[in-house]
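For the numbers below, each heavy atom of this structure counts, side chains included, while hydrogens, waters and symmetry mates do not.
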Amino acid sequence: DISSIRNLKITGRMTTEDFAFIRGEMRQLEAINIKDVKIINALDWYYIPTDVGDPFRDYYSDDVLPRSAFQDMMLLRSVLLPDTIHTIGCHSFSGTKLSAALVIPNNVIKINGSAFYGCRCDIVLPDYLEYIESSAFAHNQSDGIFVYGELKLPNTLKYIGENAFFRAEGFYGTFNLPSELEYLGVSAFAGCGDGLEGDIVVPPTLTVVSRESLCANFRKVGNVILHSGITRIEENAFSCLKLNNNLIFPTNLTYIGKGA
């Protein structure tokens, strides 16, 4: 009886349809090992900012964990992923409650929108990650489910989307913004965990500190260091931080939003 399978190992090739079958028919599944799988023709979304119509577009690619791969598989506790994947698809783990640490393979350079929204698991981020899309690790406060683990943002990271770590209260460790970060979205770390501490150094690649982007509940903040090239600090950008030292504003600053 397929519906009663609790432990599963798969080798060979998998498609989006295979993941959909597992998600729909194996609701008792607790552990899945797809480490030796080649994922082909996987369906996911990409985002195009637009004022007209749906901003999300479907696309197919190999070596992508497909959209909603394990979404809402409430009994799933352990997942081993293939080393070959480069993208974690939208909603891949949203609504799951893993008890084993999830190691994201080092080949992964992109974690798509809401991939871990409302997911409970211990996360280890890959060393060469470049993109974290909107709401990727956002916390669903209503049911107390959250991602946790030591937050180590790799220096390769270029993009952190809107609400990426919104209310992600389970992360801890020393907070460091990557030195080559090019985009920090609105509310990226808003309400983020009180287990984080350290200096907040805005990298020279950012000239705008977005609205509520660093409005975080950090346990302890040493210094907030703003480089001279920053021109805008938007509304509530740092509003929740408990600063221990004076803040020196950049000489080229032209705008400070309300509550910044």
Side-chain angles (χ1 to χ4, degrees), residues 8 10-26 29 32-50 52-74 76 79-98 102-121 123-140 145 147 153-154 156-166 168 182-183 185 188:
L8 181 66
I10 301 175
T11 60
R13 294 186 172 189
M14 290 183 70
T15 65
T16 298
E17 289 74 18
D18 296 320
F19 285 94
F21 179 84
I22 291 169
R23 189 171 63 250
E25 302 298 328
M26 300 183 182
L29 195 64
I32 184 167
N33 180 348
I34 56 172
K35 195 169 182 63
D36 297 323
V37 160
K38 171 72 172 177
I39 300 175
I40 61 170
N41 203 32
L43 172 64
D44 198 18
W45 283 331
Y46 67 92
Y47 177 76
I48 299 178
T50 179
V52 180
D54 188 350
F56 294 98
R57 302 289 187 271
D58 288 349
Y59 79 96
Y60 291 86
S61 178
D62 294 347
D63 299 317
V64 170
L65 190 66
R67 184 172 77 202
S68 303
F70 302 111
Q71 184 175 9
D72 294 330
M73 295 190 70
M74 299 301 293
L76 193 62
V79 177
L80 290 177
L81 296 171
D83 291 334
T84 53
I85 60 173
H86 56 74
T87 299
I88 304 291
C90 298
H91 295 283
S92 288
F93 291 93
S94 62
T96 60
K97 300 178 181 179
L98 306 183
L102 180 67
V103 178
I104 301 176
N106 271 336
N107 279 335
V108 170
I109 61 170
K110 187 175 186 179
I111 296 175
N112 259 335
S114 301
F116 294 91
Y117 180 83
C119 170
R120 178 182 174 183
C121 67
I123 285 283
V124 179
L125 294 178
D127 292 337
Y128 305 107
L129 188 63
E130 296 182 11
Y131 303 93
I132 298 176
E133 296 286 351
S134 60
S135 301
F137 296 101
H139 166 36
N140 184 355
I145 295 174
V147 176
L153 300 173
T156 53
L157 198 57
K158 300 176 182 177
Y159 182 100
I160 300 176
E162 288 77 7
N163 301 301
F165 292 91
F166 181 71
E182 298 172 1
Y183 182 83

Minimum-distance pair of heavy atoms, taken over all atoms of [X] and [Y]:
X	Y	result
Pro105	Pro126	O-CB, 3.3 Å
Ser92	Pro66	OG-O, 3.3 Å
Met26	Met73	O-CE, 3.5 Å
Ser94	Ser114	CB-O, 3.8 Å

Do [X] and [Y] have side chains that get closer than 4.5 Å, going by heavy atoms?
X	Y	value
Asp83	Lys35	yes
Leu8	Ile22	yes
Ile111	Leu125	yes
Ser134	Asn163	no
Ile88	Leu81	yes
Asp44	Cys90	yes
Val79	Leu102	yes
Asp63	Thr87	no

How many angstroms lie between [atom1] in [X] and [atom2] in [Y], if you round to the nearest 0.5 Å?
X	Y	atom1	atom2	value
Arg23	Leu29	CZ	CG	12.5 Å
Leu76	Ile32	CG	CD1	7.0 Å
Ile109	Leu157	CD1	CG	11.5 Å
Asn41	Arg13	CG	CZ	10.5 Å
Asn107	Ile85	CG	CD1	8.5 Å
Ile10	Phe19	CD1	CZ	7.0 Å

Report task. Using the side chain to side chain contact (heavy atoms under 4.5 Å, CB included) rule, take Val108 and Leu129 through it: C-alpha gap first, then chi angles, then the decisive distance, then the call. Result -> CA-CA 6 Å; Val108 170; Leu129 188 63; 4.2 Å; yes
Requested in this report: List the steps and the verdict of side chain to side chain contact (heavy atoms under 4.5 Å, CB included) for His86 and Val64.
Outcome: CA-CA 6 Å; His86 56 74; Val64 170; 3.4 Å; yes
Do side-chain atoms of [X] reach the backbone of [Y] as a donor and acceptor pair under 3.5 angstrom?
X	Y	answer
Asp127	Asn106	no
His91	Asn112	no
Thr96	Cys119	no

**Report entry** Crowding at OH, Tyr183 (>12 non-hydrogen neighbours, <6.0 Å)
**Finding:** yes
Query raised in the report: Using 30° and 60° as the class limits, which term best fits the ring planes of Tyr131 and Tyr159: parallel, tilted or perpendicular?
Result: tilted
Query raised in the report: Parallel, tilted or perpendicular for Phe93 and Phe70, by the 30°/60° rule?
Result: tilted
Report task. May I ask you to say whether Lys158 pairs ionically with Glu130, meaning some side-chain N is under 4.0 Å from a carboxylate O? Result -> yes
Query raised in the report: Given the rule in the side chain to side chain contact (heavy atoms under 4.5 Å, CB included) test, do Lys97 and Met74 qualify, once you have shown the distances and angles that lead to the verdict?
Result: CA-CA 6 Å; Lys97 300 178 181 179; Met74 299 301 293; 3.6 Å; yes
